[in-house]
Amino acid sequence: MKDFTLRRTSLYIPGNNPGMLVNAAVFGADSVIFDLEDAIPLAEKDSARILVRNALRSLRYPGVEVTVRVNSLSTPFGRADFEEIVPLGPSAFRLPKCERAADLREADELITELEGRSKIPAGSVKIIPIIETALGGSNLLEIARSSDRIVALNYGAEDYTADLGAVRTREGRELDDIRARTVMAARIAGVQALDSVFTDVNDSEGLFAEVVRIRELGFDGKSVIHPRQVAVVHRAFTPSDREISFAQRVLKAMEEAAVKNSGVLSLDGRMVDAPVVAKARKILALAEAGRGVKKEGTRHEE
Amino acid sequence: MIRERRGQAGSLESCDALVIVELSEEKKGILLELDSPSLLSYEEAMKSAVIETLCSLGVADALVKIQDRGSLDCTLRARVETAARRALAFQKHGGTI
Amino acid sequence: MKNKPQGRVLPEKIEGYGVVRPYGLSSVHTPEIKGKDPSGSSRKVLSSLEEAFRRSEIRDGMTVSFHHHLRDGDLVVNMALDVLAGMGIKDLILAPSALFPVHEDILRHVRSGTVRSIQGSVNGPVGRAASGGLFDVPIILRSHGGRVRAMETGELAVDVAVLAAPTVDEMGNVSGVYGPSACGSLGYAFADARYAKHVIAVTDNLVPYPAIPFSLPQTEVDWVVPVDRIGVPEKIVSGTLRITRDPLRLVIAEQVARVIEESGLFEDGFSMQAGAGGISLAASAFVRERMKARGITGSFISGGITGQSVEMLEEGLFTSLLDVQSFDLEAAASLARNPRHAEMGASFYASTASKGCVVDMLDVAVLGATQVDTSFNVNVNTESDGVLLHGIGGHMDTAAGSRLSVIVTPLLRGRMPMVVDHVHTITTPGETVDVVVTERGVAVNPRRKDLLENLRGKGIPLLDITDLKRMAEEMTGIPAPIPFGERIIGVVEYRDGSVIDVIRQRL
């Protein structure tokens, strides 16, 4: 994978809410999404854009990845969002309504141009495409491979199912297909797969069950819409003791193999290859992150 | 009487500010009405935030009314900028938007 | 001459006994019953508060005390002051255990000269007026422990205590748990009843003798005055206090629970006091979860008691509640029915003049602040704008007594930084404060190296207090100095009666 940024949770922060923007870093999410898109009514697009720009300019967000969901370049607001926000160098843009590789290339080129103009390192603003239509769903792999900036794939459950004409259920069966294909495309492209939001903020049991399931499917994280969902998702992403001890044994076996200069790595008589080692590393990173209630490393732990 | 071009932004939620900017064609400078719980500690800082923001947009003559609810500097500046831009857009489009 | 009571001849003096005081020269009734009625009934019950004040020999310049268990629903303070004003009494010193917004009426009586000063506690409107220079003499601010200590030592000599009595009998046995204005515990009134020269119980629920169980005994009450209403029930005790949904406060509360959990004190026999503030209530809820998860049985919860405390008692998480003030209906109801839920007076709770108070047995106290400084001094009296708005409550008492005092505050309120270089007013000295918890980090008092060791490496975001201050100022900017005048409008007494700080007039 291109980057190892932990994105178990991506917390949406409405871009026109100063109180939430100021405190975005304190809720323990791995990543925050300052939303200029769906959370903002048309009449307030300018207001949110300027507020988010100022927040990025003057506030510090220690230990959390700051991303911005800008409006699509196909809307009247997209270009202005890019122009105002890229110069502040957010970690990533979340690009809604991605349908074709061309959408991403257009965004990539505009970001490159703006990075150059504002003298921030080329390629520093990453992209996380959000697939919200059947067309986007059918072009997942092409989208995932369309730009070097892409670090994760995300889909938007509400818009996607609406486009399909599917019915939303608490169990989310209607998402089985897009979930499987998002993970698959992400793995092929070497990026993370991020799941959509769970909308009932009062149903933490339902959320927990869903996260356990999407983790089993291979997802690396989930978008959340309320701070209180953060801890639930992190708990669900914390590996079991069994997973942890297996991962530790894998890495130990690998070290021993390295000492012995043995080319072949085996554990319990079975061969261990690169994906298993990579997975073991990921498990241990998640386990480390899941220790304690809040994620460590995001704060100024002494 | 000269018709004022008006822009409003922000809200009365806590940590926000409701800002109204009325552009004026008379050369009367910036007239500021500021109501804020932070006035005692940050009046000067708030005033300069307003003036600097308006200057950067080329606004030299305006009536600015601010009902602040404990906004930080970056928020106040954003609300003033948005209100001023809206007032300027109103002016530019002759009041048709 | 020989004495002849009842026809018996008694010597004036008996060898080995002393001078003989013959029977029949003094009252057969206890002298406390000053209003002896020849008919033998309702000896203490008077028809008006004015009559009670008159019989209490009220005069200009006297000290009148009140308790605050009816909180914002209290009608007695205003009622009493109106009567006193009507009687033409001047220059009173009021000694309330706390005041609420409903008591703004006091200001009228200050302006008219009925009231000269306040000792004990103030609240918003009265404090604001004091900061503006309304009073000729400084307000004396005392903690709950400090107020009762001052009564015990005689520094605060109360002439007349006017007690809102939710239930009382004709002899003056007072209960707080029954009646239309029930408030639960009457803990703060214990000392008033005991130490005031004259004690008037004002009630809207006069019941047949004896009122049992009672909190204040007839041995301490002089007069009973029935009135139509002493309180507004919905403002006396709240319904179920809800845990805050504010995500920022929940973050702070969760950190508090983590700090407590890792403090080294979180084991069987653990005791705590948290109060009913938003963050405190949520912190208690998180502590509750963790006690269940770890199978810990605590000893007691003290101070202001809530429905949540009651549930924790009933779940077996704590073995007892020590209730000086019942915050909600559940707490008041539990006090009435559960023998493990005990009422305690303010001396028992927090007095340094007592032979041992509860705060000294306390493991953890979770406390609020209006400002904290980089020396861990805490201000709970004045707001960021320098205006006196709050009393002390049990803050300095529990901070001093508890083994772990936790100060909770958001780092900012609006644009105002809550962690500063120097608090406007030192209420609670930094040497009694162990840890400050904000949403952006936890600062341990460097004096508590043991605590720091326990908390390290536990996923708690530990920071230096100066880092918290710097983070706050980075967001807010450095605040301009507050324009204080020279005149002292408030004296903050520490719990032992020493002066810890003064509050100056706000210009």
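Only heavy atoms go into these numbers, but all of them, side chains included; no hydrogens, no water, no symmetry mates. Order of the sequence lines fixes the chain letters, A, B, ..., with proteins taken first and strands second; residue numbering starts at 1 for each chain.
Side chains of A:R228 and C:R245 form a contact here, defined as non-hydrogen atoms less than 4.5 Å apart. The shortest distance between side-chain heavy atoms of C:E474 and A:L59 does not fall below 4.5 Å.
No more than 12 heavy atoms of other residues, nucleotides or ligands sit less than 6.0 Å from atom CZ of C:R128. In the displayed structure, A:D241 atom CG is contacted under 6.0 Å by at most 12 heavy atoms of other residues, nucleotides or ligands. Sparse packing is recorded around NZ of A:K252, with 12 or fewer heavy atoms of other residues, nucleotides or ligands lying under 6.0 Å away.
Heavy-atom distances place no part of C:L250 under 4.5 Å from chain A, backbone and side chain included.
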Below 3.5 Å, can you tabulate the donor-acceptor pairs from side chains in residues 293-302 of chain C to any protein atom, sequence neighbours excluded?
{"residue": "C:R294", "atom": "NH1", "partner": "C:E261", "partner atom": "OE2", "Å": "3.2"}
{"residue": "C:S302", "atom": "OG", "partner": "C:Q273", "partner atom": "OE1", "Å": "2.8"}

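For residues 303-310 of chain C, an interface with chain A (any heavy-atom pair closer than 4.5 Å) does not exist.
Considering every non-hydrogen atom in both C:L248 and A:F27, the closest pair reads N-CE2, 3.8 Å. Across all non-hydrogen atoms, the minimal contact from A:V26 to C:E439 is CB-O, 3.7 Å.
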